[in-house]
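Note that the coordinates shown come from a computational prediction; the quantities given were computed from them, not determined experimentally. Positions are given from 1 along the sequence.
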Amino acid sequence: MAAPRKYPDELRERATRLAVEACKDPVGRAGAIKRIADQLDVHPEALRGWVKRAETDEGIVPGTTSAEAARIAAFTTCWQRLTALPAVT
């Protein structure tokens with residue numbers, strides 16, 4: 001069973017949106033994540049991870065998107081099940 005989430009989804013989405021918008025502004029970029037995390041009472045490293053994932057999903061930063069990661073996980077699970085089957089002779 002997965003651990004319960006510490007922050008509600010609405011807070012995660014709002015904090016991520018604010019941080020991504022603040023990082024686009026060259027003037028407010030420095031310390032934006034820390035400032036927003038403090039305002040919303042969120043741990044700065046948690047917010048940094050959310051922003052990194054959002055930027056990757058939007059294509060701003062190169063990397064594996066959440067959809068691609070889920071697809072890879074599904075293929076991996078399927079492959080593990082197939083290779084665990086007994087050999088048919």
Side-chain angles (χ1 to χ4, degrees):
M1 185 162 129
R5 292 187 175 207
K6 184 173 182 178
Y7 303 108
D9 289 337
E10 296 83 21
L11 177 62
R12 291 170 54 117
E13 291 169 8
R14 179 175 178 227
T16 303
R17 187 181 69 251
L18 289 170
V20 168
E21 290 173 5
C23 288
K24 289 179 183 176
D25 179 26
V27 175
R29 181 176 299 162
I33 291 179
K34 173 92 169 91
R35 184 176 61 251
I36 292 168
D38 290 343
Q39 289 173 352
L40 298 175
D41 198 28
V42 174
H43 194 279
E45 287 302 307
L47 180 55
R48 187 187 63 78
W50 302 339
V51 169
K52 184 176 179 182
R53 177 176 294 149
E55 288 177 339
T56 303
D57 287 348
E58 291 175 10
I60 297 170
V61 176
T64 304
T65 65
S66 297
E68 290 170 341
R71 195 167 158 232
I72 291 168
F75 282 135
T76 302
T77 302
C78 183
W79 178 254
Q80 289 172 344
R81 288 181 185 159
L82 287 172
T83 56
L85 293 176
V88 178
T89 56

I need the [X] [atom1] to [Y] [atom2] distance, nearest 0.5 Å.
{"X": "Ile33", "Y": "Lys52", "atom1": "CD1", "atom2": "NZ", "result": "11.0 Å"}
{"X": "Arg48", "Y": "Thr16", "atom1": "CZ", "atom2": "OG1", "result": "12.5 Å"}
{"X": "Arg71", "Y": "Thr64", "atom1": "CZ", "atom2": "OG1", "result": "12.0 Å"}

field: Asp57 side chain to Thr65 backbone, donor-acceptor under 3.5 Å
entry: no

query: Any side-chain heavy-atom pair from Ile36 and Leu47 closer than 4.5 angstrom?
result: yes

task: List for me each residue that meets side-chain hydrogen bond (donor to acceptor under 3.5 Å, both in side chains) alongside Arg5, sequence neighbours excluded, and say none if there are none.
output: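 Testing Arg5 for side-chain hydrogen bond (donor to acceptor under 3.5 Å, both in side chains), a comparison that skips the adjacent residues, returns Asp9.
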
task: Kindly state each residue pair satisfying ring pair (Phe, Tyr, Trp, His ring centres under 6.0 Å) with at least one member in residues 28-83, sequence neighbours excluded.
output: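 Qualifying pairs: Tyr7-Trp50.
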
message: Is it true that, when you exclude Arg53 itself, more than 12 heavy atoms of the residues, nucleotides or ligands shown sit nearer than 6.0 Å to its CZ?
response: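 No - once you tally the heavy atoms of other residues, nucleotides and ligands closer than 6.0 Å, there are 12 at most.
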
task: Run through Val20, Thr56, Leu18 and flag the one making a side-chain contact (heavy atoms from CB on, under 4.5 Å) with Val51.
output: Val20

- prompt: Do you know the tightest heavy-atom contact between Ala22 and Ala32?
  reply: CB-CB, 3.8 Å

- prompt: Any idea which heavy atoms bring Lys34 and Pro44 closest together, and the distance?
  reply: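 Looking at all heavy atoms of both residues, the closest pair is CD-CG, 4.1 Å.
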
- line: The complete set of salt bridge (Lys or Arg N to Asp or Glu O under 4.0 Å) pairs with one or both residues in residues 12-28, sequence neighbours excluded, reads none

